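Contents: one structure, followed by commentary.
Sequence lines set the chain letters: A, B, ... in the order given, protein chains first and strands last, and positions in each chain run from 1. Predicted, not measured: the structure shown is a model, and the values here were computed from it.
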Number of protein chains: 2
Amino acid sequence: MSKQPGRQKGPVTSRDVARLLGVSQSMISRAFDPRASVSPANRTRIVEAARALGYEPNVIARSLATRRSSIVAIVMGSMENPFYTGVLDQLAQALDEAGLRSLLFRVPPGQDVDDQLPALRRYNVDGLIVASASISSRIAAEWRRDDRRVVLINRTVPDASVASISCDNCGGGRQLADLLLDSGHKRLVYVAGPRNTSTNRDREDGFMEGLMERNAGLVGRIDAGEYSFNAGAAAAHRAAALKPDGIFFANDILALGGLDALRHELRLQVPKHVSVVGFDDIEMASWPSYRLTTIRQPVSEMVSSAVAAVAASATAQANSISLPGLLVERGSVMRRHGM
Amino acid sequence: MSKQPGRQKGPVTSRDVARLLGVSQSMISRAFDPRASVSPANRTRIVEAARALGYEPNVIARSLATRRSSIVAIVMGSMENPFYTGVLDQLAQALDEAGLRSLLFRVPPGQDVDDQLPALRRYNVDGLIVASASISSRIAAEWRRDDRRVVLINRTVPDASVASISCDNCGGGRQLADLLLDSGHKRLVYVAGPRNTSTNRDREDGFMEGLMERNAGLVGRIDAGEYSFNAGAAAAHRAAALKPDGIFFANDILALGGLDALRHELRLQVPKHVSVVGFDDIEMASWPSYRLTTIRQPVSEMVSSAVAAVAASATAQANSISLPGLLVERGSVMRRHGM
DNA sequence: CAGCGTTATGCATACGGATGCAAATGTGAA
DNA sequence: TTCACATTTGCATCCGTATGCATAACGCTG
């Protein structure tokens, strides 16, 4: 039970450094703020002493005083779709490089994102990146009022205060329509994802427009209900009944499930009997068993834009940007005879 | 520019509630602490008033006062291995259910985890769950001293103060050895993952022991270098030169890459010409194109144990637990003739 | 009704840094 | 040398909640 002042209990604080150097605590604080005015000599002394003592500013205390935290919340809806695990991975890394921490929120399926968000504000998070889920404009407005940025990935919301970064889902759908038509497909089926997602809506719209512009149409439309491998397989069974020669699955994970069902359960050859295309270009799409032709979403660009948007100064205009997807042709589409 | 006291700038604080009710701020604080003594009548009044005003305790301020944060840091090494994205997903969910938030740390490849950890302490995180990476015992000791729990998933460290949850990798390796031997395989190859991972070491050890107990051996050992699809494919090429009739890849993602290379690049049939087994049971292992026989790690149990361990009271003993894996037989192993 | 043990409440202060303002110091021009 | 002005520094206070200690209110027993 020695009570020497030398060995304190807790971690080193700015006051410890101040005492050692015989200066005020404020100066320590300022020494770590690049914009503050501290004489160069003292700044050096302080930084050295701080390192010697093992002092690191306490982020919590700082956050209490400044009302900002350098923490960005990442809200993920489903993680079933591998596309979003990739996004998450890159997001975490990009935020880290921007000096921001990521607080991860998984929204349980069925739960509403909006309900979780008030809890988030108690953490003073500086911003919010929402992937694979949406958000009400009421909530968005609240956050904006507090000067907290919110960025949606692949979703949009009719409110100018929230930034939104998407792949050009509509344009991608068109490209796929052109591809299938150019290679002579006549009996096309669209397998839709969840109704309420803008990714699904835009891809479908683009595809249909592309078809209609060339006076083509669908032989059928199947509702897969959710973005998952099994849903894709189930949809493939229903699609097969329509004798299609080409199927556009609303995303890759559906397409992969569909492709496997087509080949292994329905004994159909892909692309010989049916062509299959997807959307996203998840890693597995390139695996030799699949070689799926698809649209690649520019994930890195989307992630950098998202991070730039949350980190943006308050005055910056929140805007929606849409990045073009890239058609990646692999082996799941075949040129049809007699066109 | 009205200056009415009614409409404040910032969020509602405990003092606002106190003022409204004409009681002290401490009472508000205590009303939200189940162990504190507050008269039932007042507790009710306070909770109601709080809800009416939209008051929510500020977690940052609380954290500053209590030195705890209800935040757990999840440190992930590589996210290339899909197994860990599954773990992450479940972890985030389980922590959430335990009332804990997850701060996600991605350790860039090549970077040392230890270097990142001091930064973490500035966030007052209550605990640390490390997956797919290790940690030095010096750091572990520091955290323990501050009464911060650290839990390793699928790694161990020679220090009793850190809890460690693993799948019984060794036992899994044995099971696979038995399976391959029982089904008459004679020319076995082991494809190793990263040298410094305990998962790889234990699986290999278990496999070799299983082999040796029955006087069998390897026809060769290939070093894949890392846990990735492409590394598996590359390893398969080298393994094929050895004319094996069975290959144990240190984990599923390697096995999948290997399997595809075997089939599509080396024109070998699996399992007819070569049997293939992996470890983890990632989702893709069950896809019809692969139907990989593998050992399933009990992810849910591992995750619950990990969460229980970080949430445990300080007095609880940190211990290492090892959960058995389950052999999942699918279609990538064939019974060999003449045994 | 006095005397005592509980329970409820308020007061004051701590947690660790940030920051507006005033005081002190330094610089240059006249 | 003196005064005006810019740069450094320190003081005091705030951010929002938790909590030890003292006090007030309450219930019970004899």
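- When each of C:dG17, C:dA8, C:dC15 is scored by its nearest atom to the side-chain atoms of B:Ala65, the top-ranked nucleotide is C:dC15.
- Heavy atoms of B:Thr66 sit under 4.0 angstrom from primed sugar atoms or phosphate atoms, though from no base atom.
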Table please: side-chain donor-acceptor pairs of residues 40-50 of chain A below 3.5 Å, with sequence neighbours left out.
unit_1, atom_1, unit_2, atom_2, d
A:Asn42, OD1, A:Arg45, NH1, 2.8
A:Arg43, NH1, A:Ala31, O, 3.1
A:Arg43, NH2, A:Ala36, O, 3.0
A:Thr44, OG1, A:Pro40, O, 2.8
A:Arg45, NH2, A:Leu21, O, 3.4

Could you pull out every donor-acceptor pair under 3.5 Å between side chains of residues 95-110 of chain A and any protein atom, sequence neighbours left out?
unit_1, atom_1, unit_2, atom_2, d
A:Asp96, OD1, A:Arg101, NH2, 3.1
A:Arg106, NE, B:Asp89, OD1, 3.3
A:Arg106, NH1, B:Asp89, OD1, 2.4
A:Arg106, NH1, B:Asp89, OD2, 3.2
A:Arg106, NH1, B:Gln93, OE1, 3.1

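- The rotation axes computed at either terminus of the helix from C:dC1-D:dG30 to C:dA30-D:dT1 lie 40° apart, taking five pairs at each end and rounding to 10 degrees.
- At a cut-off of 3.5 angstrom, counting only N and O atoms as typed in the model, there is a donor on one side and an acceptor on the other between the side-chain of A:Ser26 and the base of D:dC11.
- Here B:Ser136 pairs with B:Asp114 under the side chain to side chain donor-acceptor pair (under 3.5 Å) rule; sequence neighbours left out.
- Partners of B:Asp33 by salt bridge (charged side-chain N to carboxylate O under 4.0 Å, His left out), not counting sequence neighbours, listed by chain and number: B:Arg35.
- DNA chain D lies under 4.0 Å from at least one heavy atom of each of the following residues of residues 27-38 of chain B: B:Ser29, B:Arg30.
- For residues 50-79 of chain B, the pairs satisfying ring-ring contact (aromatic ring centres under 6.0 Å, His included) are B:Phe32-B:Tyr55, with sequence neighbours left out.
- Partners of A:Glu80 under the salt bridge (charged side-chain N to carboxylate O under 4.0 Å, His left out) rule, at least two apart in sequence or in another chain, do not exist in this structure.
- Qualifying side chain to side chain contact (heavy atoms under 4.5 Å, CB included) partners for B:Leu64, counting only residues two or more places apart in sequence or in other chains: A:Ile60, A:Ala61, A:Leu64.
- Taken residue by residue, residues 44-54 of chain B places no heavy atom nearer than 4.0 Å to DNA chain C.
- Proximity note for B:Pro11 (side chain, C-beta onward) versus D:dG16, D:dG10, C:dG10: the nearest is D:dG16.
- Pairs of residues two or more places apart, or lying in two chains, never qualify as ring-ring contact (aromatic ring centres under 6.0 Å, His included) while including a residue from residues 114-156 of chain B.
- You'll find a donor-acceptor pair under 3.5 Å spanning the side chain of A:Arg15 and the base of C:dG17, going by distance alone.
- By the salt bridge (charged side-chain N to carboxylate O under 4.0 Å, His left out) test, A:Arg51 pairs with no residue at all, sequence neighbours left out.
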